[in-house]
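On a predicted model such as this, the values are computed, not experimentally measured, just so you know. Chain naming here is simple, since letters A, B, ... match the order of the sequence lines and numbering starts at 1 in each.
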Amino acid sequence: MRIYNTLTAKKEDFVPVKPGAVRMYSCGITAYDHCHIGHARSAIVFDVMRRYIRYKGYAITYIRNFTDIDDKIINRGHQEGMAWDAVAKKYIDEYYRDMDMLGVGRADVEPRATEYIAQMIHIVKGLVEKGFAYESEGSVYFEVAKFGDYGKLSKRDPDDMMAGARIEVNEKKKSPMDFALWKASKEGEPAWDSPWGPGRPGWHIECSAMSLEHLGETFDIHGGGADLIFPHHENEIAQSEAFTGKPFVKYWVHNGFITVDKEKMSKSLGNFFTIKEILGKFDSEAIRFFLLSTHYRSPIEFSDEQLKEAEASIDRYYTTVLRVRDFLGLDHAKEKASSEEKALEEVLSGFITGFREAMDDDFNTALAIGGIFELIRVLNKYLDGKPSGRHSMELVTRSRELLKEVGAVLNIFARTPEEWYKALMSVKHIGLSEADILLKIDQRQQARANRDWAAADTLRKELDSQGIVLEDKKDGTTWRVKV
RNA sequence: GGCGACGUACCCAAGUGGCUAAGGGGGAGGUCUGCAAAACCUUUAUGCAGCGGUUCAAAUCCGCUCGUCGCCUCCA
């Protein structure tokens, strides 16, 4: 397995620190606002990495944190007239609702910053003792100049950054580059006792403390959105490595942004769409599929158009699933080969290998999905050849199982076609119940029996205009939601 | 200003030295069908932003040019 490492800017062979076991940490959210589709991308990307690593047979421990104390949370509390911890709770609850919808599994440990104050103080104290940090008016800052490797992740030279005029000047810091490990709290602000007086943790220290506690001094994979590379992850490296004297993380992994009109989706630009909003228009599986149909490091342009294409792809998949089920339910007394038998056997024999090769190459989910649809096409072609008998059933069953196997890793295509159509009905606001539809189908069948094609076509058109498509088959008529 | 990424068909998107440049969506034509739908077939890139170079061989490596975007400030 090869993974692109931000630290070395190269794809590297993945060799875990401890053979057979993988320790992975990804930065979760600061719980102060609704999550947008960018948060969804990050969560889904790491969810798939975790599932694939597990599929490969590693024992994986996956940690994803919540930042539940932060200036933004405190400010939001003032705006909404809520206590800061109530704000955090509200948005963590909402996060879980969104992620459950999107099929993002829970991490093995989901630590919250406020539960690790003691460990953070311990590290900050250690850094002061080792001379990497200094106290100033009740706050403690990390002295960047003392850490020689500073900038190694984000590929920056601290001297160049000093030249830039965008760094705030703070009288309490020795250098504008220095960052807060511990912040003195003012009257009325949330505070914990510390050797430097009442205060609260700086943003970066929590990840160092929580990963140290659960994963140890050196672990395998640390991830997050590309916007966390600097300063967040750079600072984590500085404080963790200064404290332990050991390498912090072996592989740094960062996902790309979601763009709108080619620009990065962000809070400050105001061009973001919340997960909740999008779930009102599209099914969660379409969102997940959309996010996995591009390599995780590339930017993805977000648009309704794209989501619709994802929907169409998924529909194609479930249509084939339905076809497979119909096929397996047929009478297979007669042995008859499909002309496409060789082609299907060939695709099946290389299918899992192809999937693994794609995923082994820096989690190339886009290529993996391409492989899935190649099998779908060949399988459809095979079924068009009207095969029958034991061997055909074996081939089709095998196809179904392999598709299920890889779908489980990506956590897509796990539903029944009925569940898919039901979801589509809800998200597309089809104003008909299944009973309504079946009634119309029945009426149409009678018209057809009377060879009253005009009446039959009227009924078909009527349903079509309401988003329902009919399919006449030998043994009856079935319906689908139009995508 | 410093650092970095990207530019593949009508749209999205894999492919980063060597078989016919994956896959999805859309368009056109066809097979099937009472009509449809689905599925399948053909077609839609002798070419991968442009120009040079390296090589027996380049979308893929190197250089330049143009264009787009990101990070350097909270940000997934």
Quiz item: Where each residue is assigned the nucleotide of RNA chain B containing its nearest heavy atom, which of R323(A) and F290(A) is assigned the position nearer the 5′ end?
Solution: F290(A)
Quiz item: When we call it a touch if two heavy atoms are under 4.0 Å apart, what does G225(A) touch: a base, just sugar-phosphate, or nothing?
Solution: sugar-phosphate
Practice problem: Assess whether one donor atom and one acceptor atom, taken from the side chain of R41(A) and the base of A76(B), lie less than 3.5 Å apart. | Solution: no
Exercise. Check every atom of G24(B), C72(B), G70(B) against the side chain of F230(A) and return the nucleotide holding the closest atom.
Key: C72(B)
Practice problem: Examine R41(A) relative to F257(A) and say whether NZ or CZ is less than 6.0 Å from the centre of the six-membered ring and inside a 45° cone about the ring axis. | Solution: no
Quiz item: Mind checking the P distance from C48(B) to A21(B)? Whole angstroms is fine.
Solution: 12 Å
Quiz item: Hey, which of these two, D361(A) or W453(A), hits RNA chain B nearer its 5' end, going by closest nucleotide?
Solution: D361(A)
Practice problem: Could you tell me whether E471(A) contacts a base, only the sugar-phosphate backbone, or nothing, with contacts defined as non-hydrogen atoms closer than 4.0 Å? | Solution: base
Self-check item: Pair Y52(A), D360(A): side-chain N/O donor-acceptor within cut-off below 3.5 Å
Solution: yes
Quiz item: Which part of the nucleic acid, if any, lies within contact of H295(A), taking any heavy atom under 4.0 Å across all strands shown: a base, the sugar-phosphate backbone alone, or nothing?
Solution: sugar-phosphate
Quiz item: With a 4.0 Å cut-off on heavy atoms, is G371(A) in touch with a base, just the backbone sugar-phosphate, or nothing at all?
Solution: nothing
Self-check item: Pairing partner (Watson-Crick or G-U wobble, both distances under 3.5 angstrom) of C69(B)
Solution: G4(B)
Exercise. Could you check which of G34(B), C40(B), U73(B) has an atom nearest any side-chain atom of P231(A)?
Key: U73(B)
Quiz prompt | G63(B) - base-pair partner by Watson-Crick or wobble geometry, distances under 3.5 Å | solution = C51(B)
Quiz item: For A76(B), which nucleotide in any strand shown is its Watson-Crick or wobble partner with both distances under 3.5 Å?
Solution: none
Quiz item: Between the side-chain atoms of E309(A) and the base atoms of G24(B), is any donor-acceptor pair under 3.5 Å?
Solution: yes
Quiz item: Are any of the side-chain nitrogens in D108(A) or R50(A) under 4.0 Å away from the carboxylate oxygens of its partner?
Solution: yes
Self-check item: SB check K72(A) D33(A) (cutoff 4.0 Å)
Solution: no
Quiz item: Can you tell me the Watson-Crick or wobble partner of U20(B), both distances under 3.5 angstrom?
Solution: none
Quiz item: Quick one: which of R288(A), R415(A), K428(A), K422(A) gives a salt bridge (charged side-chain N to carboxylate O under 4.0 Å, His left out) with D283(A)?
Solution: R415(A)
Self-check item: Donor/acceptor link under 3.5 angstrom from D457(A) side chain onto base of G34(B)
Solution: yes
Practice problem: Take atom NZ of K440(A) and atom C1' of A37(B), then tell me their distance rounded to the nearest Å. | Solution: 19 Å
Quiz item: Base, sugar-phosphate, or nothing: which does D472(A) touch, judged by heavy atoms less than 4.0 Å apart?
Solution: base
Practice problem: State, with a plain yes or no, whether a side-chain heavy atom of F282(A) is found less than 4.5 Å away from one of E311(A). | Solution: yes
Practice problem: Using the C1' atoms only, state how far C66(B) lies from A49(B), rounded to an integer number of Å. | Solution: 8 Å
Quiz item: Considering only the C1' atoms, how many Å lie between U60(B) and G7(B), rounded to the nearest integer?
Solution: 14 Å
Practice problem: Could you give the distance separating C56(B) and G15(B) at their C1' atoms, to the nearest angstrom? | Solution: 23 Å
Exercise. Kindly point out which of G25(B), A76(B), G2(B) is positioned nearest to the side chain of K267(A)?
Key: A76(B)
Quiz item: Which listed nucleotide (G24(B), C40(B), A76(B)) is nearest to the side chain of N255(A)?
Solution: A76(B)
Exercise. Could you let me know what A39(B) is paired to, Watson-Crick or G-U wobble, both distances under 3.5 Å, or none if it's on its own?
Key: U31(B)
Quiz item: Looking only at atom C1', what distance separates C74(B) and C12(B), rounded to whole Å?
Solution: 32 Å
Practice problem: Check whether any side-chain N or O of N380(A) sits under 4.0 Å from OP1 or OP2 of C40(B), and answer yes or no. | Solution: yes
Quiz item: So, does the side chain of R460(A) form a donor-acceptor pair with the base of C35(B) at under 3.5 Å?
Solution: yes
Quiz prompt | Salt bridge present between D93(A) and K89(A) (N-O < 4.0 angstrom) | solution = yes
Quiz item: Does the G34(B) base have a donor-acceptor partner in the side chain of R448(A) within less than 3.5 Å?
Solution: yes
Quiz item: G15(B) phosphate, OP1 or OP2: any side-chain N/O from N364(A) under 4.0 angstrom?
Solution: yes
Quiz item: Would you say the base of C75(B) and the side-chain of K264(A) have a donor-acceptor pair closer than 3.5 Å?
Solution: yes
Quiz item: For atom P, what is the distance between G1(B) and U8(B), given to the nearest Å?
Solution: 26 Å
Quiz item: Does C35(B) have OP1 or OP2 sitting under 4.0 Å from an N or O in the side chain of R444(A)?
Solution: no
Self-check item: W203(A) side-chain N/O to C75(B) phosphate OP1/OP2 under 4.0 Å
Solution: yes
